[in-house]
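The structure appears below as structure tokens.
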Amino acid sequence: MAKNKPSKLKARLPRGFVDRSAADIRATEAMLAKIREVYERYGFDPVETPAFEYTDCLGKFLPDTDRPNAGVFSVQDDDEQWMSLRYDLTAPLARHVAENINEIQLPFRSYRAGWVFRNEKPGPGRFRQFMQFDADSVGAPGVQADAEMCMMMADTMEALGIPRGSYVIRVNNRKVLDGVMEAIGLGGEENAERRLTVLRAIDKLDKFGIEGVEQLLGEGRKDESGDFTKGAGLSDEQIERIVAFVIQSLKISQLAKTYARNTGYSGNPKLVSAAIGELSNYVLPQSSGAEGVDELETIAELVSAADYDNGRVAIDPSVVRGLEYYTGPVYEAELLFDVTNEKGEVVQFGSVGGGGRYDGLVKRFTGRDVPATGFSIGVSRLMTALKNLKKLQADEVVAPVLVTVMDGDTASLARYQKMTQELRAAGIRAEMYQGNWKKFGNQLKYADRRGCPLAIIQGGDERAEGTVQIKDLIEGARLAGEIEDNVTWRESRPAQVSCPEADIVATVRRMLAEQAEDRARQDGEAGASQ
RNA sequence: GCAGACGUAGCUCAGUUGGUUAGAGCGUCGGAUUGUGGCUCCGAAGGUCGUUGGUUCAACUCCAACCGUCUGUACCA
């Protein structure tokens, strides 16, 4: 006996990565097609860059030579240069534009979908490889480009079947937040680190509430496991000022979402101007903060003029994102409906996409100003949400018709193969059984598990009379419930018709059409009862 | 990264104060049934008890380290 079994290689997936099923791939393809259609309509063209880039081109996240793999997956090329898998699609686009700046006509409007990689701790719904779908305008300095991006995001949400009122594109401006901090004495290079801490604290508002934000702005906060997070160490006066701004933001944000849910409210432009008026109180006059407020105002006007303020795009000063390279307007798409996870708990889903203006990214390479704005949709995340909303079209691809094999001699196999090809030539998905044909029961079992709609059967008897049996597996499965013993079940040959060989294609086509009608009727009934 | 909980068959889990041969359900495969899926019945395969080391006459059980999973937190371009 094999006591010492050869140690088997264990099949295992790296953590944070997933295999994708046929249904997932098809659903994703369908989503991508809808998104692409919107981008194309706005006049964007596809451009693709590779998954690898030289690490230094990806941005500021390389320099740590001790841990070259922190955050990114990196390898050394044979000439010892560091290369990394891209962690977003924006930095590679900046590289592409900079490298081809002489050939590219600015403004350059492009889109791309692709996998990005992050070497981080994975969690439920958080992977180390995921798909983004970006659109960017490079060489577009005005906020009208930002406004256009927001409106395109809104159109994309609706193209995916998210009804107006169930999402909102929230717009803020980095200059405003920076201006608020400048106004309380946190300007200048020496306070850069603290500004980041403050922004992170504000970003935690959803999670920890006002009180938690206050703690993070001050000394720090202790979480339930007893772990302590160091705060920004601001004075009480500074904290008070920031918190006042945050509370004001929260108020506007909640109002904005209310308007987003109740589309058609005519007072929204007034709300927006009131909101922007309030913001001026928190920044210094004549500062870049004031400039940011002006920009928000302009965006609001542009959006309103195009009628997109109507439950689609809303000014919301509580948006904090792009802590690093964003320089002006920032925006994100938030879903407003409840999403339940696989455990049946309602989770706050947060944003499914976002973006902003990054005026400095191309300049790193070219030395000259190439302002740009763009956004990114988290395809995998959005798909999870769409599943919840039942907007993800179910897998409509019907499994193939199975041509079973009753006899294994070459002449018979040739006949089965020919039948299969005739079905295919008629545009019908079909396959001939390729397993061990000697156990006929296994062939139907295979067809059943694969979800085949029909099985074609031709043994010696049928061949002698020039016919085939066509078995309706769907109807047969239904009849199975009414039959108890196996002998009756087998001998009654339920849901099975005989037809002349010449009529196979026509008969299969008719039976498939009948099944499609049944499915449509059932879907209709299920929909009506909900 | 930090803190905590948990790791027994492909999956979900039992397993007595440390005691000799580690079990169940589901799933898989085979048979009852050489030409008919489901149901039912019979049978089989499948385990270095996460890994390594330690304590002990004896470890799935106790201890330590490591690995992995989950939860919270940090980071998230």
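- Consecutive pairing runs in RNA chain B reach the stem threshold at B:1-7 with B:67-73, B:10-13 with B:23-26, B:28-32 with B:40-44, B:50-54 with B:62-66, where a stem means at least three Watson-Crick or G-U wobble pairs with distances under 3.5 Å.
- Residues in residues 443-487 of chain A take part in these ring-ring contact (aromatic ring centres under 6.0 Å, His included) pairs, two or more places apart or across chains: A/Y433-A/Y446.
- A search for salt bridge (Lys or Arg N to Asp or Glu O under 4.0 Å) contacts involving A/E48 returns nothing, not counting sequence neighbours.
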(request) Sugar-phosphate atoms are those with a prime plus P, OP1 and OP2; base atoms are the rest. Using that split, label each nucleotide of nucleotides 36-43 of chain B B, S or - for protein heavy atoms under 4.0 Å, 5' to 3'. (result) BBBB----
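- Remark: A/P122 engages A/R15, A/R128 in a side-chain contact (heavy atoms from CB on, under 4.5 Å) (not counting sequence neighbours).
- Of the residues in residues 352-360 of chain A, none has a non-hydrogen atom less than 4.0 angstrom from any atom of RNA chain B.
- Comparing A/D88 and A/D461 by the nucleotide of RNA chain B whose heavy atom lies nearest to each, the residue mapping closer to the 5' end is A/D461.
- Not counting sequence neighbours, A/D472 has no partner by the salt bridge (Lys or Arg N to Asp or Glu O under 4.0 Å) test.
- As judged by a 4.0 angstrom heavy-atom cut-off over every strand, A/K121 is placed among the base-contacting residues.
- Residues that satisfy the salt bridge (Lys or Arg N to Asp or Glu O under 4.0 Å) test with A/E214, not counting sequence neighbours, are absent from this structure.
- Listed by chain and number, the residues in a side-chain contact (heavy atoms from CB on, under 4.5 Å) with A/A455 are A/T404, A/L444, A/K471, A/L473 (sequence neighbours excluded).
- By the salt bridge (Lys or Arg N to Asp or Glu O under 4.0 Å) test, A/E120 pairs with A/R126, sequence neighbours left out.
- The phosphate of B/rG30 (OP1 or OP2) has no side-chain N or O of A/K439 nearer than 4.0 angstrom.
- With sequence neighbours left out, the side-chain contact (heavy atoms from CB on, under 4.5 Å) criterion links A/T467 to A/E462, A/E465, A/S498.
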Between protein and nucleotides 66-68 of chain B, what N or O pairs are separated by less than 3.5 Å?
none

